[in-house]
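Written below as structure tokens is the structure these notes are about.
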Amino acid sequence: MKNWCLKCCEPIYGDASGRLQPSSSRLCRGLPFSPLNINTIKEFSLGSNFNHSLVTKRHLTTSPRALDHWRCMSTTSLKDKMAGVGVLQHLHDPDSLSYLTQAEAAAIDEELMGSLGFTIDQLMELAGLSVASAIFEVYGVQKYNRVLVICGPGNNGGDGLVASRHLYHFGYRPAIFYPKRTDKPIYKGLVTQLESLSTPFLTENMLSSESLKDYDLIVDAIFGFSFRGKPRPPFDKLLQELADISTATTPAIPIVSVDIPSGWDVEIGDKDGLGLNPDMLVSLTAPKSCAKMFKGYHHYLGGRFVPPVIVEKYNLKLPLYPGSSLCVRIGKPPTIDVAALRENYVGAVLLEEQVNSDPFKQFQEWFEDAVAAGLTEPNAMTLATANSEGHPSARMVLLKGYDNRGFVWYTNYGSRKASELLSNPWASLVFFWDKLHRQVRVEGQVEKVSHNESDEYFHSRPHGSQIGAIVSPQSEVVDGRQALDDRYKKICEQYADGGYIPRPDCWGGFRLRPLAMEFWQGRESRLHDRLLFTREGVDEEKWTMQRLAP
């Protein structure tokens, strides 16, 4: 079954089970799709619940012509249709967010579990999964594997129990301190689920200032927004120990607080000077008033279940969740010490006796690994060119084919990169697959592909992408976005019958024929593996392999 990706404008093929398979011309690793047609899309766009990410991120089962009708809708009309959700926006300024008082938070929970049909276990499951997802985004499983989750007796503790289960399945090794258990079935069930995973539950005599240092990360799921008064044993002493350990160890052990930092007043913050200042806060549903006083590095919002009726009734200003994520960063990102950013590469080795003697076949093996790893656009590559005077420029392009002749991409022949290649036909490519700690560098001569190859690829593209190639005078100065949109709409109307579109003469492919290909595998302590293949000429079949110092 053939489908079309509205995000990347390329064909996608689904197997009998409905799972996406990449086409020969495009390796698109999209989200699972639903069989939506153009009328369904229009219903979403006209409704008050329209979420732009639904259209731009999902793969929609429909025809190229139907997609063009959607894409040709004017920018103004699209903005008008999205006006119904003006309260939903990308927010990086904490002052632009909605903050809930204790009464408002309680009222929203009551409505969710009343007229809106949610149950407490549903909300707890979504909240706990949001917390685990946020932790996964910030604290990598390799470096922060040992996680201590401290759970209180109420719903906040239940969120911590659920988060622990998901953290286990994400690859972490959670341990749980849950001293004040309840006999309610939902909590007993969560404990049973964790016990079935052999998750350790700690007793009070197993927890001390010293034993806390055995963990890479601590999750504070003790008190939620409904807590009032001063913490009682054993949590009073424990909170002080957490406050001490968060600053006394080198490096400090990060603390993640669920919804509010335990011991804080839900509205005015750390009024008693407890001193628990977590590194990360995962607000749920909406940030509580005390979150305005949060000074940690990472503030996330979780709990992607707030229906529009609640948003409108309480006039909530909430950020959009990206894609299918259950959490979203809010507030301004922290100032980063760039010089301190380091990744210790741990993984595969690259030895001479293990690589294919043909670098094209070795590239194919690594490329297939990148696709299997689910990397976003594994065919993305940096193309570096230089003009006739030797001034360099670089940009990201997409690989559209490769064989033993070289690597192919397509562009407008009037673009800057094409102009530079036509005057100086030497270029280099870099592929970087971060999750695999691998990169490939390719250097060589560039030539145009044949007219037949350009025609074949051009007509394999969706109708809208073909029109886009006609519309854009790539790299030239244009009179604003509206000029492009108007021209696109005009060309859409010209080819509204879905008929044959001739490839413009100014558009086609290039092929880089390599003289050198280097395979780089990240290793520990910056002692990376680098194997370089070289040959004398682009028509030579014999390659020489050498190891380079990292």
**OP:** Supply the atom-to-atom distance Lys213 NZ to Ile218 CD1, rounded to the nearest 0.5 angstrom.
**Re:** 11.0 Å

Original post:
So, Ser525 versus Arg523: side-chain donor-acceptor pair below 3.5 Å or not?
Top reply: no

Subject >> Partners passing salt bridge (charged side-chain N to carboxylate O under 4.0 Å, His left out) against Glu104 (at least two apart in sequence or in another chain) >> reply: none

Original post:
So, for Pro261 and Ser257, which heavy atoms are closest and what is the spacing to 0.1 Å?
Top reply: CA-OG, 3.5 Å

Subject >> Check against side-chain contact (heavy atoms from CB on, under 4.5 Å), Met293 and Asp270 >> reply: CA-CA 8 Å; Met293 279 69 81; Asp270 188 17; over 6 Å; no

Which atom pairs, one a donor and one an acceptor, fall under 3.5 Å between side chains of residues 152-161 and the rest of the protein, sequence neighbours left out?
{"residue": "Asn155", "atom": "OD1", "partner": "Tyr187", "partner atom": "OH", "Å": "2.7"}
{"residue": "Asn156", "atom": "OD1", "partner": "Ile222", "partner atom": "N", "Å": "3.3"}
{"residue": "Asn156", "atom": "ND2", "partner": "Val258", "partner atom": "O", "Å": "3.0"}

**OP:** List the steps and the verdict of side chain to side chain donor-acceptor pair (under 3.5 Å) for His298 and Arg329.
**Re:** CA-CA 7 Å; His298 310 287; Arg329 180 184 285 277; 3.0 Å; yes

**OP:** State which residues pass side-chain hydrogen bond (donor to acceptor under 3.5 Å, both in side chains) with Thr285; sequence neighbours excluded, sorted by chain then number.
**Re:** none

Original post:
Does the pair Leu116 and Ile310 meet the rule for a side-chain contact (heavy atoms from CB on, under 4.5 Å), with working shown?
Top reply: CA-CA 10 Å; Leu116 295 175; Ile310 293 292; 3.6 Å; yes

Original post:
In chain order, what residues pass the ring pair (Phe, Tyr, Trp, His ring centres under 6.0 Å) check against His528, with sequence neighbours excluded?
Top reply: Tyr345, Trp520

**OP:** Measure from the side-chain N and O atoms of Ser130 to the backbone N and O of Gly302, and report whether any donor-acceptor pair falls under 3.5 Å.
**Re:** no

Original post:
Does a side-chain heavy-atom distance below 4.5 Å link Thr192 with Leu190?
Top reply: no

**OP:** Search all heavy atoms of Pro234 against all heavy atoms of Glu204 and return the closest pair with its distance.
**Re:** CB-OE1, 3.6 Å

**OP:** May I ask you to check whether over 12 heavy atoms, not counting those of Phe118, lie within 6.0 Å of atom CZ?
**Re:** yes

Original post:
So do Cys327 and Glu137 actually touch side chain to side chain, heavy atoms under 4.5 Å?
Top reply: yes

Subject >> All pairs passing salt bridge (Lys or Arg N to Asp or Glu O under 4.0 Å) where residues 117-127 contributes a residue, at least two apart >> reply: Glu125-Arg165

**OP:** Scan residues 189-223 for pairs that pass ring-ring contact (aromatic ring centres under 6.0 Å, His included), counting only residues two or more places apart or in two chains.
**Re:** Phe223-Phe227, Phe223-Phe235

**OP:** Tell me, with the steps shown, if Asp220 and Ile150 meet side-chain contact (heavy atoms from CB on, under 4.5 Å).
**Re:** CA-CA 5 Å; Asp220 156 35; Ile150 305 175; 6.0 Å; no

Subject >> Residue pair Leu123, Met113: steps toward the side-chain contact (heavy atoms from CB on, under 4.5 Å) verdict >> reply: CA-CA 9 Å; Leu123 296 179; Met113 291 183 287; 3.7 Å; yes

Original post:
Roughly how far apart are Ile330 CD1 and Leu301 CG, rounded to 0.5 Å?
Top reply: 5.0 Å

Original post:
Would you call Pro322 and Val328 a side-chain contact if the rule is heavy atoms closer than 4.5 Å?
Top reply: yes

Original post:
With no hydrogens and no angle check, is any side-chain donor or acceptor of Asp279 less than 3.5 Å from a backbone partner on Ile255?
Top reply: yes

Original post:
Any donor-acceptor pair under 3.5 Å linking the side chain of Asp259 with the backbone of Leu284?
Top reply: yes

Could you list the donor-acceptor pairs under 3.5 angstrom formed between side-chain atoms of residues 367-375 and any protein atom two or more places apart in sequence or on another chain?
{"residue": "Glu368", "atom": "OE2", "partner": "Gln364", "partner atom": "NE2", "Å": "3.1"}
{"residue": "Asp369", "atom": "OD2", "partner": "Arg438", "partner atom": "NH1", "Å": "2.9"}

**OP:** Could you check if a side-chain atom of Val219 sits within less than 4.5 angstrom of a side-chain atom of Leu148, using non-hydrogen atoms only?
**Re:** no

Original post:
Are the side chains of His299 and Ser283 in touch, meaning some heavy atoms are under 4.5 Å apart?
Top reply: yes

Original post:
Within a radius of less than 6.0 Å around OH of Tyr314, do more than 12 heavy atoms belonging to other residues, nucleotides or ligands occur?
Top reply: yes

**OP:** Taking the side chain as every heavy atom from C-beta outward, state whether Leu217 and Val256 have any pair of such atoms under 4.5 Å apart.
**Re:** yes

**OP:** Only counting residues at least two apart or in another chain, list the ones meeting side-chain hydrogen bond (donor to acceptor under 3.5 Å, both in side chains) with Thr382.
**Re:** none

Subject >> For Thr203, side-chain hydrogen bond (donor to acceptor under 3.5 Å, both in side chains) partners two or more places apart >> reply: Asn205

Subject >> Donor-acceptor under 3.5 Å (Ser133 side chain, Leu129 main chain) >> reply: yes

**OP:** Look up atom OG in Ser289 and atom CD in Gln102, then write down how far apart they are to the nearest 0.5 Å.
**Re:** 10.0 Å

Original post:
Distance under 6.0 Å and angle within 45° of the ring axis: does Lys292 meet both against Tyr99?
Top reply: yes

**OP:** Verify the neighbour count for atom CD of Glu195: are there more than 12 heavy atoms of other residues, nucleotides or ligands below 6.0 Å?
**Re:** yes

Original post:
Is the side chain of Ser325 donor-acceptor paired with the backbone N or O of Tyr321 at a distance under 3.5 Å, no angle test?
Top reply: no

Which side-chain N or O atoms in residues 169-183 pair as donor and acceptor under 3.5 Å with protein atoms at least two apart or in another chain?
{"residue": "Tyr172", "atom": "OH", "partner": "Tyr139", "partner atom": "O", "Å": "2.4"}
{"residue": "Thr182", "atom": "OG1", "partner": "Lys184", "partner atom": "N", "Å": "3.3"}

Subject >> Gap separating the CG atom of Leu167 from the CG atom of Asn145, nearest 0.5 angstrom >> reply: 10.5 Å

Original post:
Who passes salt bridge (charged side-chain N to carboxylate O under 4.0 Å, His left out) against Arg146, sequence neighbours left out?
Top reply: Asp216

Original post:
Val430 versus Met381: any side-chain heavy-atom pair under 4.5 Å?
Top reply: no

Subject >> All salt bridge (charged side-chain N to carboxylate O under 4.0 Å, His left out) counterparts of Glu111, not counting sequence neighbours >> reply: Lys313

**OP:** Examine distances only and state if a side-chain atom of Trp433 and a backbone atom of Gln439 form a donor-acceptor pair shorter than 3.5 Å.
**Re:** no

Original post:
How about Gln521 and Trp366: do any of their side-chain heavy atoms sit closer than 4.5 Å?
Top reply: yes

